[in-house]
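Computation of the quantities below employed the complete heavy-atom set of this structure, encompassing side-chain atoms and omitting hydrogens, waters and symmetry-equivalent molecules. Everything numeric in this text was worked out from a predicted model, so none of it was measured.
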Amino acid sequence: MAALVATALLAACGGGGASTESAASPGGGLPVTLTDDTGTAVTVTSIERIVPVDGDLAEIVFALGLGDNVAAVDLSATYPPATEEILTIGYQRALATEPILAVEPTVVLATDLAGPDETLAELRELGVPVVVIERDRTLAGPADKIRAVADALGVPERGAELADQVDADIAAARELLGEPAERPRVATLYLRGETLQLVFGEGSGVDAVIAAAGGIDVGTELGVVDNAALSTEALLAAAPDVFLVSTTGLESVGGEDGFWALPGFDRTPAFAERRLVVRDDQYLFGGGPRTGELLADLIDQFHPDLPGDAAP
């Protein structure tokens, strides 16, 4: 199933979303005047030097065929691979004005995670168009975000096409899953060493993907909104069948052996079959163009016994 949706995504994004080939008249709809999700009126007159300060926004810009126009990215951008060759200007939650100004941006794209607010305000005061796009953490969010980015960059037709493809990928994965006979209990963790362990819950974004993939989101069941600290007692009571973690999180605890050595983890149902699913941070949490691929991927992981005609 994951392979099927990945093939569709590659076709839609021009090689996994990494295409930098520009179609005729990129940004031909400029100038664009819009009201962003902070209620601020923004006019974009050029997309020659785009600075997306969020990994999934950078991925969307590349998937729209405007990768050559990206002047810099923030540290959360890990995909497509071309982002590794682009200058970074810090981390989206701790932005400074000077590094951004140094790359001479013609437009800055950000989500509501970006900050501090003073930096965004200063950029605007200095004449830099800053477009803030609020994150929608439902399965409708990726397509809406794509359309918002494309509208801001003056390429709404490309955005509509890509958004429709992402929605189609999500629908295809859900249709192939059908109604699963069993729903594994899934705990999604944010790990940064042995002392910081958070569980994601309602509104985190990954909760919607888990539910659509036929799983039960443990964090949501525990009443967690977004994320919260994880206690050993709560973990044991939740009895997860599957752990879902990011690659950087797993690395921070010393890999798989270190993970299962964390207090209480070896007393969960997941430990019995070593059901640990590890995926790249941006892929797992970004809510970008690969959301349909992620959904199909997790369906394969959560339901390995699906019949062959349901999971090609």
Side-chain angles (χ1 to χ4, degrees), residues 2 5-6 9 13 16-17 52-63 73-81 83 88 91-94 109-115 132-146 148-149 166 169-170 173 186-193 196-213 215 217-220 224-230 240 242-253 259 276-299 301-302:
V5 176
L9 275 164
C13 299
V53 291
D54 184 277
D56 54 303
L57 296 184
E59 183 175 343
I60 290 169
V61 173
F62 272 85
V73 295
D74 91 303
L75 292 171
S76 70
T78 59
Y79 185 90
T83 58
T88 57
Y91 180 54
Q92 60 179 323
R93 294 177 185 261
L109 301 174
T111 69
D112 50 327
L113 286 177
V132 178
I133 299 167
E134 186 176 359
R135 297 168 302 140
D136 177 349
R137 308 305 284 166
T138 71
L139 284 182
D144 289 344
K145 186 162 44 179
I146 288 166
V149 170
V166 171
D169 294 337
I170 292 171
V186 184
T188 306
L189 306 182
Y190 177 89
L191 303 172
R192 286 298 180 267
L196 179 57
Q197 300 166 22
L198 304 177
V199 60
F200 287 96
E202 182 181 1
S204 64
V206 72
D207 62 318
V209 180
I210 288 171
D217 182 58
V218 163
T220 297
V224 172
V225 176
D226 196 7
N227 63 75
L230 177 72
V242 181
F243 283 110
L244 183 59
V245 302
S246 70
T247 51
T248 57
L250 188 67
E251 290 167 2
S252 77
V253 296
F259 178 85
L276 173 63
V277 179
V278 186
R279 296 293 183 268
D280 175 75
D281 298 58
Q282 185 176 319
Y283 176 60
L284 185 58
F285 301 124
R290 294 176 291 162
T291 300
E293 180 183 348
L294 172 64
L295 177 56
D297 180 5
L298 293 184
I299 289 171
Q301 295 297 317
F302 297 168

Do [X] and [Y] have side-chain heavy atoms sitting under 4.5 Å apart?
X      : Y      : result
Val242 : Gln301 : no
Leu230 : Leu189 : yes
Leu250 : Leu276 : yes
Asp297 : Arg279 : yes
Leu294 : Val209 : yes
Leu198 : Leu196 : yes
Ser76  : Tyr91  : yes
Leu244 : Ile210 : yes

Pairwise distance [atom1]([X]) to [atom2]([Y]) - rounded to 0.5 angstrom:
X      : Y      : atom1 : atom2 : result
Arg290 : Leu295 : CZ    : CG    : 14.0 Å
Asp207 : Thr188 : CG    : OG1   : 8.5 Å
Ile133 : Leu113 : CD1   : CG    : 12.5 Å

For [X] and [Y], which heavy atoms make the closest approach, and how far apart are they?
X      : Y      : value
Leu298 : Ala213 : CB-CB, 4.0 Å
Val73  : Ala58  : CG1-CB, 4.1 Å
Val53  : Ala114 : CG2-CB, 4.3 Å
Gln92  : Asp74  : N-OD2, 2.9 Å
Gly201 : Ser204 : O-OG, 2.8 Å
Gly203 : Arg137 : O-CG, 3.3 Å

Practice prompt. Take Tyr190 and Asn227 through the test side chain to side chain contact (heavy atoms under 4.5 Å, CB included) and record every step on the way to the result.
Written response: CA-CA 9 Å; Tyr190 177 89; Asn227 63 75; over 6 Å; no
Worksheet entry | Under 3.5 Å donor-acceptor, Thr220 side chain and Glu202 backbone | yes
Discussion item. Looking at Thr78, is its backbone amide N or carbonyl O close enough to the side chain of Gln282 to form a donor-acceptor pair, meaning the two atoms are under 3.5 Å apart?
Written reply: yes
Item to complete: Would you please indicate yes or no on a ring centroid separation below 6.0 angstrom for Phe200 and Phe285?
Response: yes
side-chain hydrogen bond (donor to acceptor under 3.5 Å, both in side chains) partners for [X], two or more places apart:
X      : answer
Thr111 : Asp54
Thr83  : none
Thr88  : none
Asp112 : Arg135

Discussion item. Could you walk me through whether Phe259 and Leu191 satisfy the side chain to side chain contact (heavy atoms under 4.5 Å, CB included) test, starting with their C-alpha distance in whole Å, then the side-chain angles of each, then the deciding distance to 0.1 Å, before giving a yes or no?
Written reply: CA-CA 9 Å; Phe259 178 85; Leu191 303 172; 3.8 Å; yes
Discussion item. Just to verify, what does Tyr283 make a ring-ring contact (aromatic ring centres under 6.0 Å, His included) with, not counting sequence neighbours?
Written reply: none
Worksheet item: salt bridge (charged side-chain N to carboxylate O under 4.0 Å, His left out) with Asp281: which residues, sequence neighbours excluded?
Response: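 Asp281: salt bridge (charged side-chain N to carboxylate O under 4.0 Å, His left out) contacts with Arg192.
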Discussion item. Working note: Ile146 + Val166, criterion side chain to side chain contact (heavy atoms under 4.5 Å, CB included); need CA distance, chi angles, decisive distance, verdict.
Written reply: CA-CA 9 Å; Ile146 288 166; Val166 171; 3.7 Å; yes
Discussion item. Using the rule given for side chain to side chain contact (heavy atoms under 4.5 Å, CB included), can you reason through Val149 versus Leu109, listing the C-alpha separation, both sets of side-chain angles and the distance that settles it, and then say yes or no?
Written reply: CA-CA 8 Å; Val149 170; Leu109 301 174; 4.0 Å; yes
Discussion item. Between the side chains of Asp136 and Lys145, is the shortest nitrogen-to-carboxylate-oxygen separation below 4.0 Å, so that they form an ion pair?
Written reply: no
